[in-house]
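These figures come from a predicted structure and were not determined experimentally. Numbers restart at 1 for each chain; the letters A, B, ... are given by sequence-line order, proteins then strands.
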Amino acid sequence: MFALDADLSPFYNALAENDPLYWARNGAGRLLAAPSVFEDLVRTLCSTNCAFSATRRMVAALVRIGDGAFPTPQRILGLGEEALVTEVRMGYRARSLVALAERDCNGELDLESLRATAGAREEEVAAALGALHGFGPYAVAHAMQLLGFYRPLILDSWTRPTYARIIGKRSRSDAAIRRDFARYGAYAGLAFWLTLTKDWVPA
DNA sequence: CGTCCAGGTCTAC
DNA sequence: GGTAGACCTGGACGC
């Protein structure tokens with residue numbers, strides 16, 4: 001769940017001594033993921049267009065109807081879209097969740113094969129995720145990090161102002177933010193996230 | 001009690 | 001190809 005089989009040494013080794021992220025060489029950058037890709041995508045879906053408190057509420061409700069465990073796609077389909085609205089209170093996201101569960105169940109899409117460690121290619125994973133209903137630029141970038149692809153930047157209503165505050169500006173365009181992190185190459189997204197969450201790490 | 005909007009996305013121009 | 005409008009929900013706010 002911390003993707004310890006993913007080798008971050010290329011990222012660490014490329015950090016110069018004067019890099020603001022030099023501190024991360026001690027093993028930082030491990031994001032907490034779910035046991036399954038399906039669960040990671042569902043949780044990501046539950047984080048779109050709502051406060052983080054709402055995300056936690058929706059996920060808790062899903063676990064409740066899963067009898068204490070995160071519901072399988074079969075379980076989701078058994079419940080149906082209406083129950084996801086009335087019991088999980090996930091609103092319009094229910095439709096996207098049902099669509100995802102259907103594609104996972106009928107074998108149309110092998111979600112586990114989307115992992116970087118499974119040999120998936122970044123462009124294809126981005127395209128596959130982006131084709132899912134309810135997965136726009138934010139959700140795709142967020143899911144990519146959890147799948148082991150660290151290039152995309154997670155740009156949303158929390159990261160944008162948070163980054164602007166860190167660099168002491170009122171705001172900064174997405175294009176400018178991407179330029180700021182382009183030098184990290186395949187680890188630009190991870191570098192962005194570490195920059196935003198440095199104060200989450202005990203000194 | 002009404003309005004706004006949050007760790008966005010889809011659809012219709 | 002770029003952009004308003006609509007969209008579930010429930011806390012946070014103003015009045």
Side-chain angles (χ1 to χ4, degrees), chain A residues 1 28-34 37-66 70-71 76-77 79-104 109 111 114 125-167 169-178 180-181 188-201:
Chain A
M1 292 167 74
R30 297 298 175 174
L31 312 179
L32 182 61
V37 174
F38 177 72
E39 182 174 337
D40 272 334
L41 296 186
V42 175
R43 294 169 74 121
T44 297
L45 183 64
C46 290
S47 73
T48 57
N49 193 30
C50 65
F52 191 54
S53 59
T55 300
R56 296 172 63 173
R57 176 183 55 72
M58 285 183 255
V59 172
L62 284 171
V63 171
R64 198 173 310 122
I65 64 172
F70 200 88
I76 294 293
L77 293 182
L79 286 163
E81 181 175 338
E82 191 177 335
L84 294 174
V85 173
T86 61
E87 297 181 34
V88 180
R89 310 291 297 175
M90 57 188 301
Y92 64 86
R93 299 169 194 79
R95 183 181 155 210
S96 302
L97 174 50
V98 169
L100 174 63
E102 282 175 345
R103 293 194 61 182
D104 190 22
L109 185 59
L111 295 181
L114 297 178
V125 173
L129 294 177
L132 295 173
H133 189 272
F135 284 74
Y138 152 76
V140 169
H142 187 273
M144 294 282 284
Q145 310 295 311
L146 300 179
L147 290 174
F149 297 97
Y150 304 108
R151 188 192 310 275
L153 273 63
I154 301 175
L155 294 165
D156 59 33
S157 62
W158 180 73
T159 61
R160 290 187 180 99
T162 298
Y163 179 63
R165 177 179 53 74
I166 288 174
I167 63 175
K169 293 181 178 291
R170 191 175 61 78
S171 68
R172 191 154 181 79
S173 72
D174 290 354
I177 297 175
R178 289 202 172 87
D180 293 343
F181 289 86
L190 185 61
F192 181 51
W193 189 253
L194 285 170
T195 298
L196 299 173
T197 61
K198 181 181 181 183
D199 62 353
W200 295 6
V201 180

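For C:dG10, one of the phosphate oxygens OP1 or OP2 lies less than 4.0 angstrom from a side-chain nitrogen or oxygen of A:Arg89.
Rounded to whole Å, the separation between the P atoms of C:dA6 and B:dT3 comes to 15 Å. Separating the P atom of C:dA4 from that of B:dC5 is a span of 16 Å, rounded to the nearest Å. Annotation: B:dG7 and C:dC7 have their P atoms spaced 22 Å apart (nearest Å). B:dT9 and C:dG11 are spaced 23 Å apart, taking the P atom of each and rounding to whole Å. Across the P atoms, C:dG5 and B:dC4 are found 14 Å apart, a figure rounded to whole Å.
Between the side chain of A:Glu81 and the main chain of A:Ser96, no donor-acceptor pair closer than 3.5 Å is present. One N or O on the side chain of A:Arg93 and one on the backbone of A:Thr48 form a donor-acceptor pair closer than 3.5 Å.
Remark: A:Arg95 CZ is loosely packed, at most 12 non-hydrogen atoms of other residues, nucleotides or ligands lying under 6.0 Å away. Enclosure of atom CZ in A:Arg30 by more than 12 non-hydrogen atoms of other residues, nucleotides or ligands within 6.0 angstrom is indicated.
Residues satisfying the side-chain hydrogen bond (donor to acceptor under 3.5 Å, both in side chains) test with A:Arg151, not counting sequence neighbours, are A:Glu122.
If you check B:dC4 for Watson-Crick or wobble pairing at under 3.5 angstrom, you find it paired to C:dG11.
Ring geometry for A:Phe192 against A:Tyr163 counts as perpendicular: the plane angle is over 60°, on a 0 to 90° scale with 30° as the lower cut.
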B/S/- contact track for nucleotides 5-12 of chain B, protein heavy atom under 4.0 Å: -BBBSS--
